[in-house]
Amino acid sequence: MSQPATTGPVRHRDLAARAAAVLRGNDLGGWTKAAPRLYPHQWSWDSAFIAVGWAHLDTRRAAQELTTLLAAQWATGQVPHIVFNPDVPSGSYFPDAARWACADLSADVPAGKQTSGLVQPPVHAIAAWRIREVARTHSEAETADADAFLRDLYPRLLAWHRYLLTARDPEGSGLVTIYHPWESGTDNSPRWDAALAAIDVPADELPPYTRFDLQHVADAAQRPTNAEYDRYLWLVELLKRARYDDAAISPAHPFLIKDVLFSAILVAANEALGHIAEAVGAPGEDRETIEAWVALGRAALDRAWDAEVGLVLDQDVRAGRPVPARTVAGLAPLVAGGMAADRRAALLARLDSTDFLGHPQLRWPVPPSTSPHDPAFVARTYWRGPTWPFFTWLLWWSLGRLGETERADRLRAAALDQLHEIDFAEYVEPFTGEPLGSLDQSWTAAVALDWLAGPGATGEA
Ligand code: 2M8
């Protein structure tokens, strides 16, 4: 769709109206599907970004998004990466609830919920706190409702983070172990290539399946390959054999990776949880625990630094070595915050370098998911190169937290320029600006709303 030839505030107001229409179009009453057709269910970390967008339209609806998601939290504390919509016709998305069979295999799934058996990065406390911040700018009544929402959600968020700090980090290392590339949210990033390549898929043991995702993109090359899908599905079978029980999974699972980006998001989320704990008057003991989690995570990210690559690296637990991929995940300490001055300078220089924002061919200076200098970079393939507007938002938000205001402002300006031309695409070819994946993706619209609500974005503040 070509954009009307408007400029300045009017152009931005039009973008905000279209973003709001995307969220409303994907709203199923209390929760929002991640995309109109490709992703017809509720995804965990999408929901958190989506809630940030809803906050600017209706803070109570924003709160509802997270409340609905957290209602599917397992007894272990884990928040499932997908909460399935039972009303979606079969053949809409694969793997579906039947393939996961979580409720049949685990007593930890809440009654009446259909979920996946994985997790995704824990952005939720960040979103919950932001809803409250937005409510405070609206009215006392909305702030009171936001406070009530935080009081209800706090124990669930605490249990969620505790699960990640314990079951997913039995070593107490400060880095979270993921069991599947889908848990990272950066599904077929080159970060996972070596670990996936080492997995043998016994063809006679993998139940047959049909992919539906390819029906919703213009070109199959934009999505993961069939060989990757076989491995994704085989990992799911192995988790099912362990009945999704962490104690049974840990020792033998062929994909066990300490994910630096996931862990950095957990650090930032723990800081947000600390604010929430204070706001709801949680016991001092909780606050001390949360502070200790923040310190543990930051120390671990400090140790994950690789001076030669100039980024922090994931650690492959099974292979016993770091993963030397050059992706945005390597900038994770910027998300966690609290690093030493020299490390911060090195990471910011890396962000500005031709590996990321400074690459001369970029259509807009927003971060490509994989550095164009990485040998595994592919400009149009899922997580192997394209830019993701929600990720740009995460980086922008992190830079703001670090007090890097000018960098943050530049990034937002570039992100808004991009958003005017991509029809709220899921991801974007970094050099040509071609919209890829699903259009009208909810989290893309949501971050647009957050940026447009900020000072200066409409030219009126
Ligand atoms: C993508 O992941 C799903 C599996 O969870 C898929 O490819 O089918 C990822 O981009 C993930 O980060 C995202 O949450 C999800 C929905 O937007 O899509």
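Whatever order the structure lists ligands and atoms in, that order sets their numbers, starting from 1. As the structure is a prediction and not an experimental result, all values here were calculated from the model.
The ring pair (Phe, Tyr, Trp, His ring centres under 6.0 Å) search around H124 returns W160, not counting sequence neighbours. With sequence neighbours left out, R318 forms a side-chain hydrogen bond (donor to acceptor under 3.5 Å, both in side chains) with no residue at all.
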Donor-acceptor contacts under 3.5 Å from residues 81-90 side chains, at least two apart:
unit_1: H81; atom_1: ND1; unit_2: S116; atom_2: OG; d: 2.7
unit_1: N85; atom_1: OD1; unit_2: D87; atom_2: N; d: 3.0

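Salt-bridge formation is detected for the pair R384/D193: a Lys NZ or Arg NE/NH1/NH2 atom is positioned less than 4.0 Å from an Asp or Glu carboxylate oxygen. Looking at E228 and R231, no side-chain N of the basic residue comes within less than 4.0 Å of a carboxylate O on the acidic one, giving no salt bridge. Ion pair D213/R211 flagged as a salt bridge, since at least one NZ, NE, NH1 or NH2 atom sits closer than 4.0 Å to an Asp/Glu carboxylate oxygen.
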Nitrogen or oxygen contacts under 3.5 Å, ligand 1 side and protein side:
unit_1: ligand 1; atom_1: 2 (O); unit_2: D187; atom_2: OD2; d: 2.8
unit_1: ligand 1; atom_1: 5 (O); unit_2: W43; atom_2: NE1; d: 3.0
unit_1: ligand 1; atom_1: 5 (O); unit_2: H81; atom_2: NE2; d: 2.9
unit_1: ligand 1; atom_1: 7 (O); unit_2: D187; atom_2: OD2; d: 3.1
unit_1: ligand 1; atom_1: 7 (O); unit_2: R223; atom_2: NH1; d: 3.3
unit_1: ligand 1; atom_1: 7 (O); unit_2: R223; atom_2: NH2; d: 3.0
unit_1: ligand 1; atom_1: 7 (O); unit_2: Y382; atom_2: OH; d: 2.9
unit_1: ligand 1; atom_1: 8 (O); unit_2: Y93; atom_2: OH; d: 2.5
unit_1: ligand 1; atom_1: 8 (O); unit_2: R223; atom_2: NH2; d: 3.4
unit_1: ligand 1; atom_1: 10 (O); unit_2: Y382; atom_2: OH; d: 3.2
unit_1: ligand 1; atom_1: 10 (O); unit_2: W383; atom_2: NE1; d: 3.1
unit_1: ligand 1; atom_1: 12 (O); unit_2: W45; atom_2: NE1; d: 3.0
unit_1: ligand 1; atom_1: 12 (O); unit_2: G185; atom_2: O; d: 2.6
unit_1: ligand 1; atom_1: 14 (O); unit_2: W45; atom_2: NE1; d: 3.2
unit_1: ligand 1; atom_1: 14 (O); unit_2: D46; atom_2: OD1; d: 2.5
unit_1: ligand 1; atom_1: 14 (O); unit_2: Q120; atom_2: NE2; d: 3.0
unit_1: ligand 1; atom_1: 17 (O); unit_2: D46; atom_2: OD2; d: 2.6
unit_1: ligand 1; atom_1: 17 (O); unit_2: Q441; atom_2: NE2; d: 3.0
unit_1: ligand 1; atom_1: 18 (O); unit_2: Y39; atom_2: OH; d: 3.4
unit_1: ligand 1; atom_1: 18 (O); unit_2: Y382; atom_2: OH; d: 3.3

